[in-house]
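Both ligands and their constituent atoms are indexed starting at 1 by order of listing. Being a predicted model, the structure only gives us computed values, none of them experimental.
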Amino acid sequence: MTKQECIEQILGGHRRTPNERGEAFASANIALCKYWGKRNEELNLPVTSSLSISLGPLGTQTTLSQIDASSDEIMLNGKSIPSSDVFAKRLTAFLDVFRRSSHQRFYIDTTNTIPTAAGLASSASGFAALVLALDRLMNWGLDQRHLSILARIGSGSASRSIYNGFVQWDRGSRNDGMDSVAERLDATWPTLRIATVFVSVTAKSIDSRSAMRRTCKTSRLYESWPSKVAEDLVKINEAIRNQDFNQLGQTSESNALSMHATMISTSPPILYWLPKSVEHMHQVWALRAEGLPLFFTMDAGPNLKLLFEAQNEDAVRAAFPSSNVIAPFLSTS
Ligand code: PMV
């Protein structure tokens, strides 16, 4: 099934008169159990399920309107972006599948509330905010499950950014992906804290789409990834239910390291870590050995995301003075 057919299946009964503009905000998210590997690249259908936590006020704000022009006009963080830009090309290609005629053009104003120096990916919140804004502009009135599917087609992890709090994206089993949807878990954890430890903002040596493809094709270790995820999802869900921080931290850290192990074992190898990343890992382990309940997770990049609880915030800030601390549950409704 193509993206177009999938979108047609969702929007078939939702064609209404568009509004003047559509505006939306979506939070970024960090996976505690990672999505790594696709079983279908066209629709971004994952090999495994995954589970994340949303970052409350850190995310993307997007406003959309229709314009009478020969091409889309894109503003990113207050600056006009040329259509030749990689970001503009990805956005325009995504919007192509939603255009009602080949002449329909959009004005897109998108602002990330994530400090660039936090080193957090913005594609998840970016595509989620875009889909939410499209829904408002085009007056579709879609439910969250369908919005999650549309966001997933933009970027897999965006399926989780439709919601706040803990979110599980179920891999689903259908070929059309209609059951590969994220859902919010009915749980909160007010004392949970995340800190981003920034190592580098330079563009990644390889994007996550290509890295996933290479991992699936060439890593022998990838064979063990689905069973690792199945076990970790049970443990993370249990940790959230019981508010067992050590279990949450242990499992999330181990899951992230296992994902990186599959990448390191590709041919040619993919190693996102820089010397500073490894130094910070050792620092976390040393602090933990001294009794501080502190864990980390990492995505497809060199930056660390620390996991800890509110009562240890001062100790973490002292050890990582340049880190950005986020309280995911203090700002979500
Ligand atoms: O959604 P993508 O294609 O940017 O992939 C995200 C991959 C990871 O961030 C490494 C893991 C995840 O589950 O978010």
Side-chain angles (χ1 to χ4, degrees), residues 3 26-55 58-60 86-87 90-91 93-94 112 114 118-131 148-163 166-171 177 180-183 194 196 203-216 219 222 225-226 228-229 232-233 236 251-264 266 270-273 277 296-305 307 328:
K3 283 178 198 168
S27 299
N29 75 77
I30 288 179
L32 301 175
C33 184
K34 309 291 182 189
Y35 145 56
W36 196 249
K38 302 175 204 246
R39 65 175 200 279
N40 176 324
E41 290 208 13
E42 166 85 6
L43 300 176
N44 285 338
L45 298 179
V47 171
T48 70
S49 300
S50 57
L51 192 152
S52 63
I53 180 153
S54 84
L55 298 185
L58 298 189
T60 306
V86 187
F87 173 83
R90 197 167 170 204
L91 205 72
F94 182 68
N112 290 321
I114 308 169
L120 289 167
S122 52
S123 78
S125 55
F127 279 105
L130 186 61
V131 161
S148 171
I149 293 176
L150 295 184
R152 185 199 74 221
I153 290 172
S155 165
S157 54
S159 66
R160 301 184 306 238
S161 271
I162 294 294
Y163 310 86
F166 290 114
V167 178
Q168 182 156 329
W169 169 19
D170 201 11
R171 78 183 284 283
S180 185
V181 179
E183 270 183 349
I194 293 171
T196 56
K204 300 180 198 180
S205 46
I206 174 168
D207 61 81
S208 58
R209 173 174 283 263
S210 316
M212 281 188 204
R213 188 182 301 144
R214 193 189 296 169
T215 308
C216 293
S219 165
Y222 191 73
W225 176 246
K228 168 71 179 156
V229 168
D232 288 350
L233 276 177
I236 292 176
T251 314
S252 305
E253 188 176 296
S254 153
N255 184 272
L257 288 171
S258 302
M259 174 183 77
H260 282 273
T262 68
M263 300 180 204
I264 295 168
T266 57
I270 300 165
L271 183 64
Y272 285 110
W273 304 345
S277 321
F296 67 82
T297 181
M298 289 180 82
D299 292 306
N303 306 309
L304 277 76
K305 288 102 189 191
L307 301 169

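- Under the side-chain hydrogen bond (donor to acceptor under 3.5 Å, both in side chains) rule, R160 has a single partner from S54, S52, S125, which is S52.
- Distances below 4.0 Å separate heavy atoms of S208 from the following atoms of ligand 1: 2 (P), 3 (O), 4 (O), 5 (O).
- In this structure, K38 and R209 have side chains that are in contact, with non-hydrogen atoms separated by less than 4.5 Å.
- Here is the list of ligand 1 atoms found below 4.0 Å of a heavy atom in G156: 1 (O).
- Rounding to the nearest 0.5 angstrom, the gap separating the CG atom in L257 from the CG atom in N255 is 9.0 Å.
- Compare K38, R160, M259 by their heavy atoms: the one nearest to atom 14 (O) of ligand 1 is in R160.
- For H260, no heavy-atom contact with ligand 1 is shorter than 4.0 Å.
- If you number the atoms of ligand 1 from 1 as listed, the ones under 4.0 Å from a heavy atom of A300 come out as 10 (C).
- Inclusion of W36 in the set of residues having an N or O under 3.5 Å from an N or O of ligand 1 is not warranted.
- To the nearest 0.5 Å, atom CG of residue D299 and atom CD1 of residue I30 are 6.5 Å apart.
- Considering every non-hydrogen atom in both M259 and M298, the closest pair reads CE-O, 3.6 Å.
- Contact record, N29 with S161: ND2-OG, 2.9 Å, taken as the closest heavy-atom pair.
- Atoms of ligand 1 found under 4.0 Å from any heavy atom of A31, numbered from 1 in the order shown, are 12 (C), 13 (O), 14 (O).
- Residue contact check for ligand 1: A124 places no non-hydrogen atom closer than 4.0 Å to it.
- Of the polar atoms of S155, at least one N or O is found under 3.5 Å from an N or O of ligand 1, judged by distance alone.
- Side-chain polar atoms of D232 and T251 form no donor-acceptor pair below 3.5 angstrom.
- Set against the non-hydrogen atoms of S123, the atoms of ligand 1 under 4.0 Å away are 4 (O).
- Ligand 1 lies out of reach of S50, whose nearest heavy atom is not under 4.0 Å from it.
- Using a 4.0 Å cut-off between heavy atoms, M212 contacts ligand 1 through its side chain alone, with no backbone atom that close.
- Two residues are said to be in side-chain contact when any heavy atoms from C-beta on lie closer than 4.5 Å; S159 and S148 meet this criterion.
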